[in-house]
Amino acid sequence: MSEELVTLTIDDREVSVPKGTTIIRAAESIGVYIPRFCDHPGLAPRGSCRQCLVEIPDAGNGRGFPAPQASCTMTVAPGMIVKTQMTSAKAKAAQAGIMELLLINHPLDCPICDKAGECPLQNQALLAERVESRFDGVKRRYEKPVPISSQLLLDRERCVLCARCTRFAEEIVGDPFISLCERGTHQQVGFSGEQPFESIFAGNVVQICPVGALTSVQYRFNARPFDLVSVDTTCEQCAAGCALRTDSRHGTIRRRLAGVNPEVNGEWSCDKGRFTLASVPAEQRITTPQIRENGTLRPASWPEALSAAADGLAGGYGGDAKVGVLTGGNLTKENAAAYASFAREVLHTDSIDFRTRQVSDEETAFLRQQAPQVTYADLETAARVVCVDFDPEVDAPIVFLRLFKAVTKGKLQVLALGAQPGRTWEKLRAELVSGTPKQALKELDLTVDDIILVGERAAATPGTLDTISFLRAKWAWIPSHAGDIGALEAGCLPQADGLTVNGILNAAMDGEIALLTDDIELFAAEGALAKAFTVSLANHKEGIATAADVVLPTALVEEQAGTLVNWEHRAGVVNPAIPGTLPTAAEVLARLQAVIEAYRAYTREDDADFEDYEDDDDYEADEVSGFERPEEPPAAAAPPTAAAPSEPEASDAETTSEGEEVPA
């Protein structure tokens with residue numbers, strides 16, 4: 001059914017917009033900007049600031065309004081005539097008068113205000129041509145700044161009472177811990193000292209505040225807009241796939257703001273994505289390769305470290321699962337694909353897993369059939385959404401916002417399986433279903449209009465994932481890491497007889513395989529790391545890198561380009577926000593592949609000469625890999641070639657491609 005349109009005239013231009021559109025939105029559709037402070041497209045109309053006044057000589061019924069009207073609250077009508085400040089002296093004078101009132105108590109602290117340079121009040125004050133103030137009294141003063149949470153500071157004297165922050169807290173996230181209190185000239189943003197504004201979405205109020213009354217603890221006094229280099233990217237903190245804008249100064253990230261992506265996050269972000277400025281502090285970065293020697297990691301050159309890594313991993317040649325590869329879920333899809341290719345084509349192993357937690361064979365089979373079935377838009381139109389071992393506000397906060405929006409409009413029922421009572425479920429008005437998820441799913445009688453959101457914790461409840469596979473409802477698996485879906489699509493999941501992460505760690509503890517890992521945190525891995533030769537591609541001096549035998553440094557996600565795939569299987573572009581000098585994981589694996597291939601070519605052609613080296617004075621057993629071979633293996637830059645190999649001595653034995661002797 002086509003949408004009903006209303007035709008009106010704005011600044012002598014005819015425009016047709018959907019019925020129910022406000023005047024300020026109709027003006028935007030033809031490129032006319034009306035100044036505003038309280039209006040925001042993501043919030044309900046309020047009409048608090050009155051800065052958006054326009055003249056309406058005809059309301060569509062032949063009669064006009066005697067005084068200017070707020071364009072953010074009045075909807076359009078057929079035949080309406082609107083004159084903005086662009087064509088009406090009356091509207092322009094009204095807006096200038098409101099601006100003068102707002103500036104009476106506003107402090108003249110633009111040089112030290114974090115909003116300076118991108119402040120709507122600053123810009124609109126200049127447009128109003130009010131260069132001097134007629135007010136000669138004493139401006140209102142408050143204690144400043146007042147912390148209203150661990151990340152937010154409030155300068156009350158700057159506030160113009162637009163109520164954007166309080167409306168966001170109540171309408172968008174359901175955390176009304178701040179509100180406008182007092183009355184008249186004493187009205188101000190207030191909060192409870194016993195219940196601070198500790199919402200996971202609190203940082204959004206800093207971004208939407210039009211006057212710099214709310215500022216970030218991290219960004220305060222750190223930079224100015226004209227100092228910053230801005231880059232659009234995708235958040236790497238969870239699988240939601242939010243658009244972000246990263247601002248850096250002199251090669252250091254100073255702040256991150258929510259980007260605009262109507263199909264994913266709208267224009268909001270969670271505090272984890274907003275305030276996690278850099279993955280690794282400078283003092284914790286690994287910038288040079290390291291090799292374990294006498295139980296301690298020491299710096300090494302790239303050729304030396306790559307050679308040591310190749311020695312330890314080359315035992316995977318021949319198709320046996322002699323090397324286990326653990327990629328983790330923090331990689332871009334390109335890097336994950338490089339790991340999958342390296343594991344199967346170079347190491348000849350199918351023992352590769354992106355999961356770094358306890359898993360089950362049931363989950364592995366479930367993920368192999370993973371396919372995009374659900375989108376963000378579907379969450380708002382579903383009859384019911386069933387959350388199975390999934391907490392939306394913790395695991396994927398933007399999913400929570402979509403659910404909360406649909407619930408508050410009265411169009412959605414949320415059911416929670418395997419959940420404990422908490423504030424998340426209270427805000428979603430969710431029904432907590434008792435019993436095991438497997439049994440509860442069978443009893444719910446779900447239809448094709450229902451959606452199941454299943455978290456990774458469901459792997460611990462036998463039968464749950466198998467049951468979901470056979471239900472009529474659409475379902476989506478929402479992991480906790482931003483790179484999990486991309487790694488799944490890239491092939492970082494064992495197929496056929498490959499080992500899962502559980503099997504890889506058990507085999508490593510028995511000393512049966514070597515390990516190749518990315519920069520990950522592994523559960524119960526101490527025993528495996530102590531027994532197995534481990535090569536880690538890492539960027540910080542914590543976690544698995546501290547126990548690895550060879551550490552190869554890689555770039556941070558902020559320093560590289562790539563793709564992150566969210567839980568919808570929607571690709572998001574990652575752009576480098578700061579310059580970097582270290583290679584990506586894909587580039588390190590390419591270097592390592594060259595060394596391993598050179599090593600194997602050298603081993604195959606000169607295997608018959610190995611016994612001769614044992615009597616040579618320069619020969620030593622390789623302590624890193626356990627292989628008996630010459631002390632100086634060929635480097636990646638100049639691998640030995642088949643064109644001029646050393647001529648092996650005659651032998652009555654033949655050798656296989658693995659270098660094993662068989663009787664002639």
Side-chain angles (χ1 to χ4, degrees), residues 8-13 15 21-43 45-57 65 67-74 76 81-136 139-140 155 157-165 206-215 224-228 230 257 260 267:
L8 70 157
T9 301
I10 300 177
D11 287 345
D12 303 324
R13 296 170 60 185
V15 57
T21 303
T22 59
I23 294 175
I24 198 168
R25 296 285 170 266
E28 287 178 351
S29 69
I30 60 172
V32 176
Y33 179 80
I34 300 174
R36 83 292 298 268
F37 294 116
C38 69
D39 175 75
H40 189 280
L43 304 174
R46 181 68 173 260
S48 298
C49 69
R50 318 304 290 181
Q51 186 61 48
C52 63
L53 295 176
V54 295
E55 182 183 1
I56 305 179
F65 289 91
Q69 301 296 306
S71 60
C72 70
T73 56
M74 182 168 290
V76 298
I81 298 176
V82 177
K83 292 184 178 295
T84 71
Q85 75 282 356
M86 306 299 293
T87 58
S88 170
K90 187 175 184 180
K92 185 175 182 178
Q95 292 179 8
I98 294 296
M99 178 62 65
E100 185 175 25
L101 293 174
L102 291 176
L103 293 176
I104 282 178
N105 280 304
H106 194 84
L108 299 177
D109 62 353
C110 293
I112 64 169
C113 179
D114 286 308
K115 200 75 173 181
E118 54 186 7
C119 174
L121 179 64
Q122 199 176 53
N123 298 337
Q124 293 172 31
L126 294 175
L127 291 176
E129 300 177 358
R130 290 288 183 178
V131 296
E132 294 182 1
S133 173
R134 294 182 291 172
F135 179 72
D136 58 2
K139 289 180 179 287
R140 181 178 55 193
D155 290 277
E157 71 277 15
R158 294 178 185 165
C159 182
V160 294
L161 303 177
C162 69
R164 278 190 182 184
C165 56
V206 175
Q207 187 170 344
I208 65 176
C209 179
V211 295
L214 288 161
T215 57
R224 287 289 178 263
F226 46 80
D227 288 333
L228 300 174
S230 299
L257 303 176
V260 179
E267 47 195 300

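Only a predicted model underlies this, so the values are computations on that prediction, with no experimental measurement involved.
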With rounding to the nearest 0.5 angstrom, report the [atom1] to [atom2] distance, [X] to [Y].
X      : Y      : atom1 : atom2 : result
Ile56  : Ile81  : CD1   : CD1   : 11.0 Å
Ile34  : Cys52  : CD1   : SG    : 7.0 Å
Arg50  : Gln69  : CZ    : CD    : 7.5 Å
Asp12  : Met86  : CG    : CE    : 12.0 Å
Cys49  : Leu161 : SG    : CG    : 10.5 Å
Leu126 : Met99  : CG    : CE    : 9.0 Å

Minimum heavy-atom separation for [X] and [Y], please, with both atom names.
X      : Y      : result
Cys162 : Cys38  : O-CB, 3.3 Å
Leu103 : Ala125 : CD1-CB, 4.1 Å
Ala26  : Val15  : O-CG2, 4.4 Å
Gly42  : Glu267 : N-OE2, 4.4 Å
Phe37  : Gln124 : CZ-OE1, 3.4 Å
Val211 : Cys159 : CG2-CA, 4.3 Å

Open item on the list: Among residues at least two apart in sequence or on other chains, which ones pass side chain to side chain donor-acceptor pair (under 3.5 Å) with Glu118?
Closed with: Arg255
- [ ] Only counting residues at least two apart or in another chain, list the ones meeting side chain to side chain donor-acceptor pair (under 3.5 Å) with Ser29.
- [x] none
With distance as the sole test, does [X] use its side chain to make a donor-acceptor pair with the main-chain N or O of [Y] at under 3.5 Å?
X      : Y      : answer
Gln122 : Gly117 : yes
Ser88  : Ala91  : yes
Asn105 : Arg140 : yes
Asp11  : Thr84  : yes
Gln51  : Gln95  : yes
Gln85  : Tyr33  : yes
Lys115 : Cys209 : yes

TODO: Take Cys165 and Leu214 through the side-chain contact (heavy atoms from CB on, under 4.5 Å) test and state the conclusion after the steps.
DONE: CA-CA 9 Å; Cys165 56; Leu214 288 161; 3.6 Å; yes
Is the closest basic N to carboxylate O distance between [X] and [Y] below 4.0 Å?
X      : Y      : result
Arg46  : Asp39  : no
Lys139 : Glu157 : no
Asp155 : Arg158 : yes
Arg36  : Glu28  : yes

- [ ] Determine whether the side chains of Thr215 and Asp114 contain a donor N or O and an acceptor N or O closer than 3.5 Å.
- [x] no
Open item on the list: Using the side chain to side chain contact (heavy atoms under 4.5 Å, CB included) definition, which of the options Ile30, Thr87, Val54 pairs with Ile10?
Closed with: Ile30
Task: Flag side-chain contact, heavy atom, 4.5 Å: Pro68 against Lys90 - done: yes
Task: Side-chain heavy-atom pair Val82, Leu8 within 4.5 angstrom cut-off - done: yes
Open item on the list: Using side-chain contact (heavy atoms from CB on, under 4.5 Å), reason through Thr22 and Cys72 one step at a time and then give a plain yes or no.
Closed with: CA-CA 6 Å; Thr22 59; Cys72 70; 5.9 Å; no
